Amino acid sequence: MSGNLNSQTTQEHTSHKVDMKDIVSLCKRRGFIFQASDIYGGINGFWDYGPLGVELKNNLRDWWWESMVKCPPIGPDGEPVQIVGLDSAIIQNPRVWEASGHVGGFTDPMVDCKETKLRYRADHLVIFIPKDSSEPWLAAPKDDEENIAEKRIKKFGKGKSLSAYETKDLTAIAVQDFDKIIGPDASKPGTLTEPRAFNLLFESKTGATQDTTVYLRGETAQGIFVNYKNTLDSARVRVPFGIAQIGKAFRNEVNPRNFIFRSREFEQMEMEWFCHPSEADKWFDFWIEQRKKWWLSIGVNPDDIIFRRHGDDELVFYSKKTFDVEYRFPFTDPGFGELEGIAYRTDYDLNQHQEYSGVKMEYIDPITNERYVPHVIEPAAGLTRGVLAVLCAAYTVDPNRPSGMFMNFHPRMAPIKAAILPLTAKDGQPEIARDLYMSLRNDFMIELDIKQNIGKRYARQDEIGTPFCFTIDNQTSEDKTVTVRHRNTMKQERIALSSVKSWLHENLAIMAQG
RNA sequence: GCGGGUGUAGCUUAGUGGUAAAGCUCCAGCCUUCCAAGCUGGCUAUGAGGGUUCGAUUCCCUUCACCCGCUCCA
């Protein structure tokens with residue numbers, strides 16, 4: 001009877017628009033997520049996970065680790081793929097971030113070209129402005145060894161000569177005039193963004209005299225790349241193989257928004273899959289399929305998830321192709337927000353580290369003796385974003401119950417799997433409840449609650465998404481049975497006290513299959 | 001980063017230039033035999049810092065946080 005519990009709520013799930021305010025409020029009231037430094041007025045872009053939030057986050061994290069490292073998927077050849085785990089330091093040698101491209105020109109004001117995706121230091125660009133007040137204006141490097149300015153004038157200058165222009169530094173030009181400028185490599189005006197100081201990475205200092213600048217990692221991926229060699233030499237793996245890591249990453253976002261969706265400290269679940277360049281396309285497709293399956297296994301409504309290939313215009317510089325997993329959050333509705341990017345990073349990262357560190361990243365195939373730098377497919381998921389998606393997906397309005405709603409968590413995600421509730425705090429009921437609790441606590445995350453009346457306790461369990469409540473009443477001492485209340489239907493049935501453990505194992509599994 | 005809005009208890013809301021009010025929650029107890037019931041008692045708030053004023057939660061300034069657009073972004 002419990003097998004279709006989830007499907008019974010699908011209708012109301014889609015018919016009620018959920019407001020982020022209600023989710024944020026519930027998260028605080030029930031101890032899922034708090035604002036960081038709440039008592040000091042908070043701090044923009046940082047969040048704390050409360051008693052239930054950390055359980056939920058750990059459940060999602062463990063499920064990913066289970067699916068990637070402990071029990072990785074079966075590959076195209078019918079054998080399980082090889083993936084090993086890693087937990088690298090948050091602070092690494094700063095050269096790591098120079099090699100990766102995260103630091104470099106990043107502390108100076110930069111302008112981006114929306115057309116070519118190239119980035120320039122604002123103080124390295126000079127602008128040629130026609131003396132006759134015509135347009136376009138032309139941008140060229142200050143250090144113009146290749147006579148780019150002259151070539152650009154020939155191309156866009158409508159017959160004007162170099163002497164028909166005056167020059168100004170880009171930094172001296174008002175932002176509203178940027179529309180007139182053709183970037184150094186662009187084909188049309190207005191593609192340069194206003195200069196911005198990019199300093200994505202948080203800085204810190206190390207050493208007794210605090211004289212070395214270091215960076216908090218902006219992604220977990222680089223920790224994997226710099227351990228590629230160590231792993232290869234110690235873990236008895238052969239290409240193709242993967243290294244997986246879950247951990248905190250930090251980005252000094254200009255504009256944190258939407259609860260935990262864009263925060264400055266967040267958690268990633270990343271796997272770098274190293275393979276032969278000729279097989280990269282095959283593995284790219286393989287991982288897209290695996291990741292689709294995984295996201296559909298955590299209790300989100302399939303209608304609210306989309307899988308989308310990036311257009312060429314939105315690809316980042318290191319990626320040849322990228323595939324997104326996106327969820328329809330209340331704040332993006334009817335659009336979607338990114339949960340995971342599966343990127344084909346080519347050999348960009350290993351080559352960069354090879355060049356910066358001087359350590360060879362070549363792999364020598366033990367059978368063919370071929371030498372090559374492996375290509376990388378990277379499924380990079382946001383753990384904290386996943387938590388938010390699970391919270392949004394679970395929030396189910398139901399006017400027919402005292403709480404007015406319940407959290408329809410997938411049983412694998414639910415912070416508490418079952419609650420044990422004596423109907424009253426007398427007649428030996430608390431003692432039976434305690435015995436039952438003691439017999440279950442090794443197997444499940446269980447709550448024993450004896451306070452207040454039964455209705456309030458059911459309501460509370462609804463709000464925190466506990467799948468089942470076992471209730472001890474007077475009949476329990478007579479015939480050794482308890483009632484089970486199903487979260488999604490509020491229906492009750494009576495089962496033997498002695499069978500509770502096996503019943504729970506069984507029914508959590510049934511419910512997980514939907 | 002720009003523009004607009006909002007900050008009163010854990011939550012939802014009153015209200016006032018002069019002792020800050022209520023419902024729910026929460027806690028302690030009583031009572032309760034299945035869905036936030038009832039009774040008694042209790043804890044808890046004007047985001048922070050300045051200024052004006054005899055007196056500021058209220059008026060002014062600054063700042064912080066959150067929300068909505070834009071911009072950006074994983």
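Keep in mind the model is a prediction, meaning the values are calculated, not measured. The figures here come from the full heavy-atom set of this structure, side chains too, leaving out hydrogens, waters and symmetry mates.
- Relative to the six-membered ring of A:F444, A:K417 misses at least one condition, a distance below 6.0 Å or an angle of at most 45° to the axis.
- Residue A:Q452 places at least one side-chain N or O closer than 4.0 Å to OP1 or OP2 of B:rC27.
- If you check the side chains of A:T384 and A:W47, you find no donor sitting under 3.5 Å from an acceptor.
- If you check every strand for non-hydrogen atoms under 4.0 Å, A:R30 touches a base.
- The base of B:rC64 does not come close enough to the side chain of A:Y40 for any donor and acceptor atom to sit less than 3.5 Å apart.
- B:rG29 sits 47 Å from B:rG50 when the C1' atoms are compared, rounded to a whole Å.
- Under the 6.0 Å distance and 45° angle rule, A:R485 counts as a cation-pi partner of A:Y458.
- Residue A:R457 is out of contact with every strand shown, counting any heavy-atom pair closer than 4.0 Å.
- Heavy atoms of A:A425 sit under 4.0 angstrom from at least one base atom.
- Between A:D449 and A:K456, no side-chain nitrogen of the basic residue sits less than 4.0 Å from a carboxylate oxygen of the acidic one, so the salt-bridge criterion is not met.
- Across every strand in view, B:rU19 sits unpaired, with no contact that passes the Watson-Crick or G-U test at under 3.5 angstrom.
- Nucleotides B:rC67 and B:rU13 place their P atoms 16 Å apart, quoted to the nearest Å.
- No engagement by A:T220 is indicated, since no non-hydrogen atom pair under 4.0 Å with the nucleic acid exists.
- For the pair A:R401 and A:F406, the cation-pi criterion (under 6.0 Å, within 45° of the ring axis) is fulfilled.
- If you check every strand for non-hydrogen atoms under 4.0 Å, A:G382 touches nothing.
- Put simply, the side chain of A:R460 does not reach to within 4.5 Å of the side chain of A:K451, judged on heavy atoms.
- Counting distance only, with no hydrogens placed and no angle test, the side-chain atoms of A:S25 and the base atoms of B:rC11 include no donor-acceptor pair under 3.5 Å.
- The aromatic rings of A:F323 and A:F307 sit parallel, their planes meeting at an angle under 30°, below the 60° perpendicular limit.
- Annotation: of the two residues near RNA chain B, A:R264 and A:D473, the 5′-most nearest-nucleotide partner is A:D473.
- B:rG42 is paired with B:rC26 under the Watson-Crick or G-U wobble criterion, all donor-acceptor distances under 3.5 Å.
- In this structure, A:I454 places its CD1 atom 9 Å from P of B:rC35, rounding to the nearest Å.
- Using a 4.0 Å heavy-atom criterion, one finds that A:D427 contacts the bases of the nucleic acid, with or without backbone contacts as well.
- Base pairing of B:rC31: no nucleotide in any strand meets the Watson-Crick or G-U wobble criterion (both distances under 3.5 Å).
- One can place NZ of A:K426 at 7 Å from P of B:rC31, the figure rounded to the nearest angstrom.
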Please list, pair by pair, any protein nitrogen or oxygen found under 3.5 Å from a nitrogen or oxygen in nucleotides 66-70 of chain B.
| unit_1 | atom_1 | unit_2 | atom_2 | d |
| --- | --- | --- | --- | --- |
| B:rC66 | OP1 | A:Q35 | NE2 | 3.4 |
| B:rC66 | OP2 | A:N44 | OD1 | 3.0 |
| B:rC68 | N4 | A:R257 | NH2 | 2.9 |
| B:rG69 | O6 | A:R257 | NH2 | 2.9 |
| B:rC70 | N4 | A:N255 | ND2 | 3.2 |

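- Taking side-chain N and O atoms only, A:K28 has no distance below 4.0 Å to OP1 or OP2 of B:rG10.
- The aromatic rings of A:F329 and A:F331 sit parallel to each other, their planes meeting at less than 30°, with 60° as the upper class boundary.
- Across the interface with RNA chain B, nearest-nucleotide mapping of A:G42 and A:E265 shows A:G42 to be the residue nearer the 5′ end.
- With A:H102 as the partner, the ring pair (Phe, Tyr, Trp, His ring centres under 6.0 Å) test is satisfied by one option alone out of A:Y215, A:W97, A:F202: A:W97.
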Check nucleotides 37-40 of chain B for protein N or O atoms closer than 3.5 Å to its own N or O atoms and list the pairs.
| unit_1 | atom_1 | unit_2 | atom_2 | d |
| --- | --- | --- | --- | --- |
| B:rA37 | OP2 | A:N453 | ND2 | 3.0 |
| B:rA37 | OP2 | A:K456 | NZ | 3.3 |
| B:rA37 | N7 | A:N453 | ND2 | 3.1 |

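- Going from the C1' atom of B:rC24 to that of B:rA45 covers 16 Å, rounded to whole Å.
- Distance check on atom C1': B:rA36 versus B:rU12 gives 15 Å, rounded to whole Å.
- The nearest whole Å value for the distance from the CZ atom in A:F261 to the P atom in B:rC72 is 16 Å.
- Pairing partner, B:rG55: none, since no Watson-Crick or wobble contact has both distances short of 3.5 Å.
- What separates CG of A:D38 from P of B:rA48 is a distance of 13 Å, to the nearest Å.
- At a cut-off of 3.5 angstrom, the base of B:rA36 holds at least one donor-acceptor pair with the side chain of A:E463.
- Relative orientation of the A:H486 and A:W503 rings is perpendicular, given thresholds of 30° and 60° on the angle between their planes.
- At most 12 non-hydrogen atoms from other residues, nucleotides or ligands lie less than 6.0 angstrom from CZ of A:R434.
- Taking atom P on both B:rU46 and B:rU19, the two are 16 Å apart, rounded to the nearest angstrom.
- Annotation: cation-pi pair A:R61/A:W64 absent, no NZ/CZ under 6.0 Å from the ring centroid and within 45° of its normal.
- For the C1' atom pair drawn from B:rC54 and B:rG10, the interatomic distance equals 37 Å after rounding to whole Å.
- With hydrogens and angles ignored, a donor-acceptor pair closer than 3.5 Å exists between the side chain of A:R485 and the base of B:rC35.
- Spacing of C1' atoms, B:rC26 relative to B:rA9, comes out at 11 Å, to the nearest Å.
- The CZ-P distance, from A:R29 to B:rA9, rounds to 15 Å in whole Å.
- For the pair A:R264 and A:F250, the cation does not sit on the ring face, since its NZ or CZ is not both under 6.0 Å from the ring centre and inside 45° of the axis.
- Going from atom CD1 of A:I464 over to atom P of B:rG10 covers 21 Å, rounded to whole Å.
- Here the side chain of A:K451 is nearest to one of B:rA28, B:rC35, B:rU32, namely B:rA28.
- Rounded to whole Å, the separation between the P atoms of B:rC27 and B:rA21 comes to 24 Å.
- Pair assignment for B:rG3: B:rC68, on the basis of Watson-Crick or G-U wobble contacts that are both within less than 3.5 Å.
- Spacing between atom CG of A:L200 and atom P of B:rG1 amounts to 15 Å, rounded to whole angstrom units.
- Spacing between atom CD of A:E253 and atom P of B:rG1 amounts to 13 Å, rounded to whole angstrom units.
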